[in-house]
Number of protein chains: 2
Amino acid sequence: MKRRNTPTKEAVLSVITKAGQAMSQDAIEEKVAIDINRATIYRVLNRFCDDGVLHKVLAEDGKQYFALCDGCDETHQEHQHFHFKCTVCETLECLPNAVNYSIPAGYQVENVNCVLTGVCKKCS
Amino acid sequence: MKRRNTPTKEAVLSVITKAGQAMSQDAIEEKVAIDINRATIYRVLNRFCDDGVLHKVLAEDGKQYFALCDGCDETHQEHQHFHFKCTVCETLECLPNAVNYSIPAGYQVENVNCVLTGVCKKCS
DNA sequence: AATTTATTGCAACAACATTGCAATATTATA
DNA sequence: TATAATATTGCAATGTTGTTGCAATAAATT
């Protein structure tokens with residue numbers, strides 16, 4: 001399953017990069033220059049996640065947000081940072097703080113999803 | 001809006017209590033003794049959340065899980081503990097660990113949703 | 001027993017995300 | 001450059017989760 005370069009992929013990644021924050025499918029569809037099908041956007045985003053380009057965060061509004069990975073490949077501590085979801089401007093941003101946790105022996109953690117919801121600096 | 005005692009409420013709460021872990025609507029509907037409408041279960045659960053009896057956790061499978069509150073009223077640090085969602089047995093449990101985070105000044109946190117996903121002790 | 005109104009069931013709806021399939025476009029190969 | 005292989009896309013349909021309007025029911029109060 002070798003990846004191919006397409007205008008769609010470039011356009012989607014460009015929008016997220018320019019936004020400088022995590023985006024949901026509908027926000028991407030709204031901002032993107034060319035017309036891309038909804039299902040295709042999801043497929044592109046999920047492929048980026050598989051490739052370690054993006055990571056997926058599930059916010060309390062029940063939507064998936066996709067954020068650029070920053071050094072996610074090097075260590076497997078990858079997306080284990082907090083995220084902040086603003087209920088006013090609806091944006092989700094990655095916080096620099098790493099998530100520290102400890103779990104009882106015998107538990108295998110495969111993924112971490114930590115979202116703080118509230119009002120961000122700009123909106124308060 | 002004074003609450004009333006109904007068989008439905010008792011049955012739902014009983015199932016969650018006996019399970020000893022957080023449950024989703026469909027799991028409750030499956031386990032509950034009497035026949036309760038799907039919408040009603042959601043309304044009962046949300047009412048319990050409003051009353052501080054349960055708290056709601058959004059897992060990575062996109063579903064809401066409802067867990068018993070343990071001393072949630074006393075402090076507002078209430079549901080700020082980690083949760084563990086097992087991908088094998090599909091259960092979600094509250095971990096004793098509190099979530100420690102720090103955010104930049106100017107941010108107002110209203111809710112915390114932290115879920116670790118993986119394989120629990122029993123299933124591994 | 002009668003009144004008030006919280007609760008419930010039903011059906012419809014809404015939002016988000018995924019999937020099958022045929023058509024298209026990219027990449028590799030000849 | 002032409003051709004073949006197959007990754008990608010659009011479209012429509014489907015699935016899942018959760019909510020809402022409304023009439024009927026039932027709990028609590030008088």
Side-chain angles (χ1 to χ4, degrees), chain A residues 1-16 22-51 53-67 85 87 90-92 111 113 115 117, chain B residues 1-16 22-51 53-67 85 87 90-92 111 113 115 117:
Chain A
M1 192 64 97
K2 216 172 190 177
R3 298 286 181 238
R4 292 178 181 179
N5 293 323
T6 67
T8 297
K9 283 177 62 174
E10 289 173 23
V12 169
L13 198 55
S14 165
V15 166
I16 298 177
M23 297 184 77
S24 58
Q25 176 274 323
D26 58 309
I28 293 169
E29 189 171 355
E30 197 181 297
K31 292 278 184 201
V32 80
I34 58 179
D35 202 65
I36 312 176
N37 184 269
R38 203 160 52 94
T40 302
I41 294 178
Y42 276 113
R43 278 189 280 227
V44 167
L45 291 171
N46 285 323
R47 252 178 265 146
F48 276 138
C49 285
D50 291 341
D51 298 345
V53 177
L54 299 177
H55 62 278
K56 189 189 293 190
V57 183
L58 188 67
E60 285 187 59
D61 60 3
K63 293 201 288 186
Q64 299 176 346
Y65 287 75
F66 297 86
K85 171 81 193 333
T87 54
E90 296 283 306
T91 64
L92 187 146
N111 214 345
N113 195 84
V115 180
T117 304
Chain B
M1 191 65 96
K2 217 173 188 177
R3 298 286 182 237
R4 292 178 181 177
N5 293 323
T6 68
T8 298
K9 283 177 63 176
E10 288 173 24
V12 169
L13 198 55
S14 165
V15 166
I16 298 177
M23 296 184 78
S24 57
Q25 175 274 323
D26 57 310
I28 294 169
E29 188 172 354
E30 197 180 298
K31 293 278 184 201
V32 81
I34 58 179
D35 202 65
I36 311 176
N37 185 268
R38 203 162 54 94
T40 302
I41 294 180
Y42 276 114
R43 278 188 280 227
V44 167
L45 291 170
N46 285 323
R47 252 177 264 148
F48 277 139
C49 286
D50 292 341
D51 297 345
V53 177
L54 298 177
H55 62 277
K56 190 189 291 190
V57 184
L58 187 67
E60 285 186 57
D61 59 4
K63 294 202 287 187
Q64 300 176 345
Y65 287 75
F66 298 84
K85 170 81 192 335
T87 56
E90 297 281 310
T91 64
L92 187 146
N111 213 344
N113 195 84
V115 180
T117 304

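To find a chain, count down the sequence lines: A is the first, B the second, and so on, and within it residues start at 1. Atoms considered below: every heavy atom in the structure, side chains included; atoms not considered: hydrogens, waters and symmetry mates.
Put simply, CG on B:Asp50 is 14 Å from C1' on D:dT19, counting in whole angstrom units. Taking atom CZ on B:Phe66 and atom P on D:dT17, their separation rounds to 13 Å, with Å as the unit. Rounded to whole Å, atom C1' of D:dG18 lies 15 Å from atom CD of A:Glu60. Here the P atom of nucleotide C:dT7 and the CG atom of B:Leu45 are 14 Å apart, to the nearest Å. Rounded to whole Å, atom P of D:dA7 lies 19 Å from atom CD of A:Glu10. Taking atom CD on A:Glu29 and atom P on C:dC16, their separation rounds to 11 Å, with Å as the unit. For the pair A:Tyr42 OH and D:dT16 P, the interatomic distance rounds to 17 Å; values are reported in whole Å. Rounded to whole Å, the distance from NZ on B:Lys9 to C1' on D:dA26 is 14 Å.
Atom CD of B:Gln64 is separated from atom CD of B:Gln25 by 10.0 Å, given to the nearest 0.5 angstrom. Distance CG/B:Asn113 to NZ/A:Lys85: 12.0 Å, rounded to 0.5 Å. Atom-to-atom distance recorded for A:Met23:CE and A:Ile41:CD1 is 9.5 Å, nearest 0.5 angstrom. Atoms CG and CG, on A:Leu13 and A:Leu54 in that order, are 6.0 Å from each other to the nearest 0.5 Å. In this structure, CZ in A:Phe66 is found 8.0 Å from CD1 in A:Ile16, a value given to the nearest 0.5 Å. To the nearest 0.5 Å, atom CG of residue B:Asn5 and atom OG1 of residue B:Thr8 are 11.5 Å apart.
Nucleic acid contact for A:Asn46: sugar-phosphate only, since backbone atoms but no base atoms lie under 4.0 Å from a heavy atom of the residue. If you check every strand for non-hydrogen atoms under 4.0 Å, A:Arg38 touches a base. Within 4.0 Å (heavy atoms only), B:Asn5 reaches sugar-phosphate atoms of the nucleic acid but no base atom. Heavy atoms of B:Thr6 sit under 4.0 angstrom from primed sugar atoms or phosphate atoms, though from no base atom. B:Asp61 comes within 4.0 angstrom of nothing in the nucleic acid, heavy atoms only. B:Thr8 comes within 4.0 angstrom of the backbone, heavy atoms only, and of no base.
Considering every non-hydrogen atom in both A:Ala11 and A:Val32, the closest pair reads CB-CG2, 3.7 Å. Residues A:Tyr65 and A:Ser24 come closest through the heavy atom pair CD2-N, 3.8 Å.
The side chain of A:Ile36 has D:dG10 as its nearest neighbour among C:dT7, D:dT8, D:dG10. Of the candidate nucleotides C:dC16, C:dT19, C:dT26, C:dC16 has the atom lying nearest to any side-chain atom of A:Lys63.
No side-chain donor-acceptor contact under 3.5 Å links B:Asp51 to the backbone of B:Val53.
Toward the 5′ end of DNA chain C lies the nearest nucleotide of B:Lys2, the other residue of the pair B:Lys2 and B:Asn37 mapping further downstream. Summary of the strand contacts: A:Ser24 and B:Val44 both lie near DNA chain C, and taking for each the nucleotide with the nearest heavy atom, the more 5' one is attributed to B:Val44.
The list of salt bridge (Lys or Arg N to Asp or Glu O under 4.0 Å) pairs with a residue in residues 24-35 of chain A, not counting sequence neighbours, reads A:Asp26-A:Lys63.
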Would you tabulate the nitrogen or oxygen pairs shorter than 3.5 Å linking the protein to nucleotides 2-6 of chain D?
from, atom 1, to, atom 2, distance (Å)
D:dT6, O2, A:Arg4, NH1, 2.8
D:dT6, O2, A:Arg4, NH2, 2.8

Enumerate all atom pairs, one protein N or O and one N or O from nucleotides 21-24 of chain C, separated by less than 3.5 Å.
none

